[in-house]
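Comments concern the structure below.
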Amino acid sequence: MTEAAVSHAGSATSGRDERIGILLVFLSALLWSFGGTLGRFIETPDSWTVIFWRSAWAALFLLGFMVWRDGVRGTLKLFGSMGLPGLAVGVCFATASTSFVVALGYTTVANILLMQAGVPLLAALIAWALFRERVSVPTWAAIAAVICGVAIMVSESFNGEVSPIGDGLALLIAVMFSIATVITRRFAHVRMTPATCLGTIFAASFAATQLGGFAVTPRDMGFLFVFGAINLGLGLACFATGARLIPAAVAALIGTFEPILGPIWVWLIHGEIPSARTILGGTVVFAALLVHLGLEFRRQSRPSRPGTTGMPSPH
């Protein structure tokens, strides 16, 4: 095979990998978007008990997934080889998931969602500042549109009261998720599934020191299993795998589907009708994301030079 052929084959593989990454990150956002709907079915009043069981089931799922895929020795090797990047990602996910529950006691969901809308911008800025990762003009435009759309969605919920603790924790969630996204992309050679598993173990361990009791009803335990293993565990596995294959800003941008789809499921399943501003803001975000993803797929399908076919390397 000639050098040109090898280069072309590598470009095609890179394009396929990037599309797979986009689909996996979207799947993670789709799974996470059911979190609010599942949480409405759980009657346990202690939030720390919910955090513990959700994190514990997620940890067991991720551990079982790795053992099934890589074997016991392979799983131990993955934990040993993830190094500081994996440890950092685990701490980021544990901090973000725990801060979300605590922040709900101090500030509104609207404030938290607005902070989360800034994750793509924060990820892009962190990746550019630390690693000089290029962010395209269309991506910046899509980020701006997403922030505007979410701002419209939550604007009617602001009551003028400011909680430094709650809003500080909401900002911490966005910062932690942005850092995790950038690290996962930067250290793409490191498998981050064990890191996410470690994050759920951290979260469960901390929740165990705060909860009032471990007992829940069998009904709640069933929902907690789905809440942890499928909603959180499988979502983390998809995100950790997909975010390695695409730019950090794009991964964070696709993740914005989560707060957009969440109210739709609550509306369809629990009958809570979204407000006019929620629908308008969601439409703006959906349009921005769909246009941006369409441009990304078109870019990957464009020949790298005249006279060739296939997908160019994202680099």
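Values below: every heavy atom of this structure, side chains too, minus hydrogens, waters and symmetry copies.
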Legend entry - Euclidean distance, Ile152 CD1 relative to Ile147 CD1, rounded to 0.5 Å: 12.5 Å

Legend entry - Side chain Trp53, main chain Val216, donor-acceptor under 3.5 Å: no

Output side-chain donor-acceptor pairs under 3.5 Å for residues 220-231, partner residues at least two apart or in another chain, one line each.
| residue | atom | partner | partner atom | Å |
| --- | --- | --- | --- | --- |
| Asp220 | OD1 | Glu43 | N | 3.1 |
| Asp220 | OD2 | Glu43 | N | 3.2 |
| Asp220 | OD2 | Thr44 | N | 2.9 |
| Asp220 | OD2 | Thr44 | OG1 | 2.7 |
| Asn231 | OD1 | Arg54 | NH2 | 2.5 |
| Asn231 | ND2 | Leu31 | O | 2.5 |

Inset, instruction - For Leu78 and Arg69, run side-chain contact (heavy atoms from CB on, under 4.5 Å): C-alpha distance rounded to whole Å, both residues' side-chain angles, the deciding distance at 0.1 Å, then the answer. - result: CA-CA 11 Å; Leu78 286 175; Arg69 184 186 60 187; 3.9 Å; yes

Inset, instruction - Hey, could you give me the CD/OG1 distance between Gln210 and Thr98, rounded to the nearest 0.5 Å? - result: 9.5 Å

Inset, instruction - Go through the structure and list residues passing side-chain contact (heavy atoms from CB on, under 4.5 Å) with Ala237, not counting sequence neighbours. - result: Leu62

Inset, instruction - Mind checking the OG1-CG spacing from Thr75 to Asp70? Nearest 0.5 Å is all I need. - result: 5.5 Å

Legend entry - Inter-residue atom distance Leu211.CG - Thr49.OG1, 0.5 Å rounding: 4.5 Å

Donor-acceptor contacts, no H, no angles, side chain residues 196-208, under 3.5 Å, sequence neighbours left out:
| residue | atom | partner | partner atom | Å |
| --- | --- | --- | --- | --- |
| Thr196 | OG1 | Thr193 | O | 2.7 |
| Thr200 | OG1 | Cys197 | O | 2.6 |
| Ser205 | OG | Ile201 | O | 2.8 |

Inset, instruction - Hey, could you give me the CH2/CG distance between Trp57 and Leu232, rounded to the nearest 0.5 Å? - result: 13.5 Å

Legend entry - Sidechain-backbone polar pair: Ser99 side chain, Ala96 backbone, donor-acceptor under 3.5 Å: no

Legend entry - Pairwise distance CG(Leu30) to CD1(Ile254) - rounded to 0.5 angstrom: 12.5 Å

Legend entry - Residue pairs involving residues 23-40 (criterion salt bridge (Lys or Arg N to Asp or Glu O under 4.0 Å); sequence neighbours excluded): Arg40-Glu272

Legend entry - Closest non-hydrogen atom pair, Gly235 against Ser28: O-CB, 3.2 Å

Inset, instruction - In sequence, state the C-alpha distance, the side-chain angles, and the governing distance for Phe61 and Leu234, and then conclude on side-chain contact (heavy atoms from CB on, under 4.5 Å). - result: CA-CA 8 Å; Phe61 172 86; Leu234 183 56; 3.9 Å; yes

Legend entry - Closest contact, heavy atoms only, Ala29 versus Phe257: CB-CB, 4.0 Å

Legend entry - Side chain to side chain, Met66 and Phe79, heavy atoms closer than 4.5 Å: yes

Legend entry - Hphob cluster co-occupancy, Leu38 + Leu268, side-chain heavy atoms under 4.5 angstrom: yes

Inset, instruction - Could you tell me which non-hydrogen atom of Phe41 sits nearest to which non-hydrogen atom of Arg219, and how far apart they are? - result: O-NH1, 2.8 Å

Legend entry - Any residue meeting side-chain contact (heavy atoms from CB on, under 4.5 Å) with Leu84, in chain and number order, not counting sequence neighbours: Leu87

Legend entry - Non-hydrogen atoms of Leu27 and Cys238 that approach each other most closely: CD2-SG, 3.6 Å

Legend entry - Val89 side chain near Pro85 side chain, heavy-atom distance below 4.5 Å: no

Inset, instruction - Return the minimal non-hydrogen interatomic distance between Cys92 and Ala180, and the atom names on each side. - result: CB-CB, 3.9 Å

Inset, instruction - Provide the full list of salt bridge (Lys or Arg N to Asp or Glu O under 4.0 Å) pairs with a residue in residues 73-91, sequence neighbours left out, each pair given once. - result: none

Legend entry - Under 3.5 Å: donor-acceptor pair, side chain of Asp46, backbone of Gly212: yes

Inset, instruction - Side-chain contact test, heavy atoms from C-beta onward, threshold under 4.5 Å: evaluate it for Thr95 versus Met176 and give yes or no. - result: yes

Legend entry - Members sharing Val67's hydrophobic cluster (side chains within less than 4.5 Å): Val72, Leu76

Legend entry - Listed once per pair and sorted, the salt bridge (Lys or Arg N to Asp or Glu O under 4.0 Å) pairs that draw on residues 84-100, sequence neighbours left out: none

Inset, instruction - With sequence neighbours excluded, tell me which residues meet side chain to side chain donor-acceptor pair (under 3.5 Å) with Ser33. - result: Trp265

Legend entry - Linked hydrophobic residues, Val266 as query - side chain contacts closer than 4.5 Å: none

Inset, instruction - For Leu130, check side-chain contact (heavy atoms from CB on, under 4.5 Å) against everything at least two apart and list the hits. - result: Ile126

Legend entry - Nearest heavy atoms of Gly242 and Leu24, plus distance in Å: CA-CB, 3.8 Å

Inset, instruction - Find out whether Phe239 and Phe93 are in side-chain contact, i.e. whether some heavy atom of one side chain is under 4.5 Å from a heavy atom of the other. - result: yes

Legend entry - Listed partners of Trp140 passing side-chain contact (heavy atoms from CB on, under 4.5 Å), at least two apart: Leu121, Ala124, Leu125, Val135, Ile143

